[in-house]
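Everything numeric here is computed off the predicted structure, so don't read it as measured data. Residue numbers begin at 1 in each chain, while the letters A, B, ... track the order of the sequences.
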Amino acid sequence: MFDPELSLATQIIERALERLKIPIPDRIEWMPTPFKGQWGFGTNACFQAAAAEARAGKEVNVQARAHEIAEAILDEISPVENFARIEAERGYLNLYIDPAVYTRRVVNTVLEQGENFGRGAPNGERMMVEYAQPNTHHSFHIGHARNTVLGESLSRLVEFAGFETIRASYPGDIGLGVITCMWAYQKFYREQEPEGIHQRGQWLANIYSEATALLTPKESETEEEKAQREAYEAERREMYQMWDAGDSQVRDLWRMTRQWSLNELDEILKILGVKIDVFFFESEVDEPAKAIVDELINLGIAEDERPEGPVIVKIDEKLGLSKEKYRTSVILRSDGTTLYSTKDLALAKRKFEKYNVDRSVYVVDVRQSLHFQQVFKILELWGFPQASKCYHLAYGFVTLPEGTMSARRGNIILFMDVYAEAQKRVLDIIAKKNPDLPEEQRKEVARQVGLGALIYSLLSVDNNKDIVFDWDSALSFDGKTAPYIQNAHVRANSILRKAGSLPSEASFEYELMPMEVQLIELISRFPAIVQQAAMDYKPLHMANYAHQLAKTFHGFYHTVRVLQAESKQMKDARLRITAAARQALANTLRLLGIEAPRVM
RNA sequence: GCCCCUGUAGCUCAAUGGACAGAGCACCGGACUUCUAAUCCGGUGGUUACAGGUUCGAAUCCUGUCGGGGGCGCCA
């Protein structure tokens with residue numbers, strides 16, 4: 001936001017170094033100075049210059065020399081426009097900006113740009129983000145929610161940062177699990193499905209768990225039980241073969257039950273504010289995937305060991321690696337049926353060729369790291385330049401205190417259950433803390449705040465860490481949580497509502513309080529945080545920023561009087577600061593996929 | 001055996017190679033006749049697992065050791 005001033009300052013410093021005959025660093029970088037009630041930018045250029053001298057053979061203590069250089073530059077240069085003062089501090093050269101100037105600029109920029117404040121210029125690259133991909137015929141649990149929330153926030157971030165963004169989902173709609181579910185439905189539950197999208201979806205998932213139990217050998221199995229199980233197993237296998245052969249009855253059953261799951265998924269995505277642009281179905285890429293295997297064999301990338309073995313790619317060997325790293329990837333079963341890897345290759349080809357993506361991000365859990373490394377390397381061997389811009393955004397599992405979630409053991413935490421509980425808890429708090437809130441608004445606020453708390457609890461942990469699910473911490477409303485951030489937005493909104501109208505201009509030529517300066521400083525950092533979070537593929541950066549911004553606003557709220565400011569000038573100025581803070585908070589929350597309520 | 005991730009306050013976690021390693025929870029003590037107390041202020045709490053190395057500067061990068069998690073040719 002102060003790029004013109006900083007590039008001017010960079011030139012001035014470079015000229016001063018030249019006059020002083022001190023080596024000039026390749027690049028002079030600026031970063032915000034540690035906040036001490038004043039706002040500025042600092043550079044470490046003097047350290048680099050001093051280090052360069054030391055490397056050139058001059059005998060110097062770099063620390064001391066850096067400070068010396070900083071002070072020498074200080075004497076050399078004349079005051080820079082818009083900077084209040086320049087200081088040398090412990091080897092750093094710091095420029096402090098005139099508070100009235102920067103406050104005015106930040107506030108005006110935010111209020112002019114509104115919901116576009118922080119948006120990066122289009123960078124000409126197209127990115128596809130693949131997420132929100134549970135299997136059909138399964139339950140959508142809290143782990144799926146982590147995937148979806150992470151992918152959605154990332155999509156919003158990269159889109160806002162300047163990428164043309166395509167949201168893609170790749171549900172697994174066929175496989176042994178799906179057939180298992182269909183088999184049990186057909187055999188035991190035909191036409192017994194309940195009404196209601198979520199009830200029906202969940203009911204189907206329960207059938208799957210039950211069926212899996214029936215088909216899994218027990219520890220001590222009687223002869224009778226064994227015979228029964230083997231008979232079931234045969235039926236299941238037959239059904240899979242019929243599906244594969246395109247049997248119309250089995251296909252109809254498959255389409256019907258699959259749709260039940262997809263309807264539920266659709267509802268859940270709506271709740272989470274997700275709009276997927278492209279759905280790829282596993283069942284669709286099956287055929288094209290087989291063709292790709294032939295191509296890879298013809299190109300000499302894959303080796304066909306059929307009928308004794310499968311089709312494989314010896315990746316390490318192809319790359320000339322002596323140590324095993326990417327190992328060997330199996331890309332087709334010996335019986336000619338496709339694998340996950342086969343389909344992912346086909347899918348990547350389609351992304352590159354049909355959708356022309358420059359980058360492709362896969363939001364998939366960490367256990368598939370090797371799989372994706374293999375896929376990306378095969379794409380590279382295959383000659384796709386985009387392969388180097390494929391990125392697996394791996395995230396850790398959501399586990400329970402007692403261990404992994406397992407549908408079969410029945411210990412899973414369903415997203416819909418957490419969502420319902422979250423809203424219930426919010427309603428309880430509203431009854432206590434804000435009993436005047438009209439009845440008709442309570443449900444809406446409960447939805448916004450309850451969902452926000454849940455989403456934030458999933459986004460405020462680094463993606464490569466596992467999360468141990470706990471009701472109370474997932475649905476906490478105090479401390480570093482979404483409601484804390486949302487409450488800052490509500491408070492800002494409350495002040496502005498009481499003020500009536502927002503002054504169209506304000507002067508900041510008064511003694512700004514430290515909390516005001518700090519708030520402005522943080523708001524001004526937002527655009528840079530957007531870029532950083534997008535480039536690192538890390539919504540966590542935005543989650544952390546959101547909390548810091550809210551914390552600073554709460555501090556501002558307590559120490560700075562807005563409506564009862566000492567003068568009209570200060571009141572107008574602070575109203576505009578408050579409005580800018582509200583906008584920054586709203587934009588921040590939006591990028592996390594969290595709504596910003598006006599009351600709560 | 002090999003590969004990936006990881007080790008930071010009592011607990012859960014932050015920290016573009018930069019200034020004094022920060023939050024939340026928990027605990028103790030304060031602040032509501034004053035813009036929503038879902039808030040704020042203060043206090044307690046650290047040899048960043050360990051040993052070397054690179055660097056002007058390392059929690060961060062490199063090597064090794066130890067501990068935790070995940071993965072490794074016909075599951076997804």
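- Counting only N and O atoms by type, the side chains of A:Gln368 and A:Tyr340 include a donor and acceptor under 3.5 Å apart.
- With RNA chain B read from its 5' end, the first of the two nearest nucleotides for A:Arg333 and A:Gln63 is the one closest to A:Gln63.
- Residue A:Ile430 is in base contact, counting any heavy-atom pair closer than 4.0 Å across all strands shown.
- The phosphate of B:A37 (OP1 or OP2) has a side-chain N or O of A:Arg491 nearer than 4.0 angstrom.
- For the pair A:Cys46 and A:Ile73, the minimum side-chain heavy-atom distance is below 4.5 Å.
- Every stem involving RNA chain B, taken as at least 3 paired positions in a row under the Watson-Crick or G-U wobble test at 3.5 Å, is listed here: B:1-7 with B:66-72, B:10-13 with B:22-25, B:27-31 with B:39-43, B:49-53 with B:61-65.
- Identified under the salt bridge (charged side-chain N to carboxylate O under 4.0 Å, His left out) test for residues 465-485 of chain A, with sequence neighbours left out: A:Arg425-A:Asp472.
- Base contact: A:Glu324 has a heavy atom under 4.0 Å from a base atom.
- To the nearest whole angstrom, the two P atoms, one in B:C41 and one in B:A58, are 33 Å apart.
- The side-chain heavy atoms of A:Pro171 and A:Glu282, taken from C-beta on, include no pair separated by under 4.5 Å.
- Distance from the side chain of A:Lys551 is smallest for B:G24 among the nucleotides B:C3, B:G73, B:G24.
- Contacts between residues 170-178 of chain A and RNA chain B, defined by a heavy-atom separation under 4.0 Å, are absent.
- Among the atoms of the strands shown, none is found under 4.0 Å from any heavy atom of A:Arg425.
- No hydrogens or angles considered: a donor-acceptor pair under 3.5 Å links the side chains of A:Thr10 and A:Trp30.
- Taking every side-chain heavy atom of A:Leu540 into account, B:A14 is the closest of B:G73, B:A14, B:A19.
- Spacing between atom NZ of A:Lys480 and atom P of B:C25 amounts to 11 Å, rounded to whole angstrom units.
- Distances were taken from every side-chain heavy atom of A:Phe477 (C-beta onward) to each of B:G1, B:C40, B:A38; the shortest belongs to B:A38.
- Counting non-hydrogen atoms under 4.0 angstrom, A:Ser329 reaches nothing in the nucleic acid.
- Across B:C25, B:C56, B:A19, the shortest atom-to-atom separation from the side chain of A:Asp478 is found for B:C25.
- Checking A:Asn94 against A:Glu89 by side-chain atom types alone, a donor-acceptor pair falls below 3.5 Å.
- Regarding the sugar-base torsion, B:C32 falls in the syn class, its angle being within 90° of 0.
- Distances shorter than 4.0 Å separate some side-chain N or O of A:Asn464 from OP1 or OP2 on B:U6.
- For A:Pro483, the side-chain atoms get nearest to B:A38 when compared with the rest of B:C74, B:U8, B:A38.
- The side chain of A:Val449 lies closest to B:A38, out of B:A76, B:A38, B:C35.
- A:His554 and A:Arg491 share a side-chain donor-acceptor pair at under 3.5 Å.
- Checking B:C56, B:C35, B:A14 against the side-chain heavy atoms of A:Val562 singles out B:C35 as nearest.
- Residue A:Arg367 has no polar side-chain atom (N or O) positioned under 4.0 Å from OP1 or OP2 of B:C4.
- One C1' atom belongs to B:G17, the other to B:U54, and the distance between them is 12 Å to the nearest Å.
- Counting any heavy atom pair closer than 4.0 Å across all strands shown, A:Phe47 reaches a base atom.
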Evaluate the criterion salt bridge (Lys or Arg N to Asp or Glu O under 4.0 Å) for residue pair A:Asp572 and A:Lys568; output intermediate values, then yes/no. CA-CA 6 Å; A:Asp572 285 355; A:Lys568 166 105 174 34; 2.7 Å; yes
Along nucleotides 63-69 of chain B, 5' to 3', which nucleotides get a B, which get an S, and which get a -, given that the test is a protein heavy-atom distance under 4.0 Å? ------S
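- Note on A:Gln486: nothing from the nucleic acid sits closer than 4.0 angstrom, heavy atoms only.
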Give every donor-acceptor pair under 3.5 Å between a side-chain atom in residues 442-452 of chain A and any protein atom, sequence neighbours left out.
from     : atom 1 : to       : atom 2 : distance (Å)
A:Arg442 : NE     : A:Leu437 : O      : 3.0
A:Arg442 : NH2    : A:Pro435 : O      : 2.8
A:Arg442 : NH2    : A:Leu437 : O      : 3.4
A:Glu444 : OE1    : A:Arg447 : NE     : 3.4
A:Glu444 : OE2    : A:Arg447 : NH2    : 3.0
A:Arg447 : NH1    : A:Glu595 : OE2    : 3.0
A:Arg447 : NH2    : A:Glu595 : OE1    : 3.2
A:Arg447 : NH2    : A:Glu595 : OE2    : 3.3
A:Gln448 : NE2    : A:Glu595 : OE1    : 3.1

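- With rounding to whole Å, A:Gln373 atom CD is found 17 Å from B:C2 atom P.
- Within 4.0 Å (heavy atoms only), A:Tyr326 reaches no atom of the nucleic acid at all.
- For A:Ile312, the listed nucleotide lying nearest its side chain is B:G73; candidates were B:G73, B:A38, B:G18.
- In this structure, A:Lys325 and A:Leu321 approach most closely via the heavy-atom pair CB-CD1, 4.3 Å.
- Nucleic acid contact class of A:Val313 (heavy atoms, under 4.0 Å, all strands): none.
- Taking the six-membered ring where the residue is Trp, the centroids of A:Phe41 and A:Tyr96 are separated by 6.0 Å or more.
- Nucleic acid contact for A:Glu308: base, since at least one base atom lies under 4.0 Å from a heavy atom of the residue.
- An aromatic stacking contact between A:Tyr92 and the base of B:G18 is absent, as defined here by ring centres under 5.5 Å apart and ring planes under 30° from parallel.
- In this structure A:Arg598 satisfies the salt bridge (charged side-chain N to carboxylate O under 4.0 Å, His left out) test with no other residue, sequence neighbours excluded.
- Annotated as syn: B:G73, whose glycosidic dihedral is within 90° of 0.
- Heavy-atom nearest nucleotides on RNA chain B were determined for A:Arg561 and for A:Met31, and the one closer to the 5' end corresponds to A:Met31.
- Residue A:Ile331 contributes atom CD1, which lies 14 Å from atom P of B:C74 at whole-angstrom precision.
- Among the heavy atoms of the strands lying under 4.0 Å from A:Asn44 is at least one base atom, whether or not backbone atoms are also near.
- For A:Arg306 and A:Asp304, the salt-bridge test passes: some basic side-chain N is under 4.0 Å from an acidic carboxylate O.
- Of the candidates B:C2, B:C74, B:C40, B:C74 carries the atom nearest the A:Val330 side chain, counting heavy atoms from C-beta on.
- Using a 3.5 Å distance cut-off with no hydrogens or angles, the side chains of A:Asp286 and A:Thr338 do pair a donor with an acceptor.
- Comparing B:U55 with B:C11, their C1' atoms sit 35 Å apart, to the nearest whole Å.
- Within 3.5 Å, a donor on the side chain of A:Arg327 pairs with an acceptor on the base of B:C2, or the reverse.
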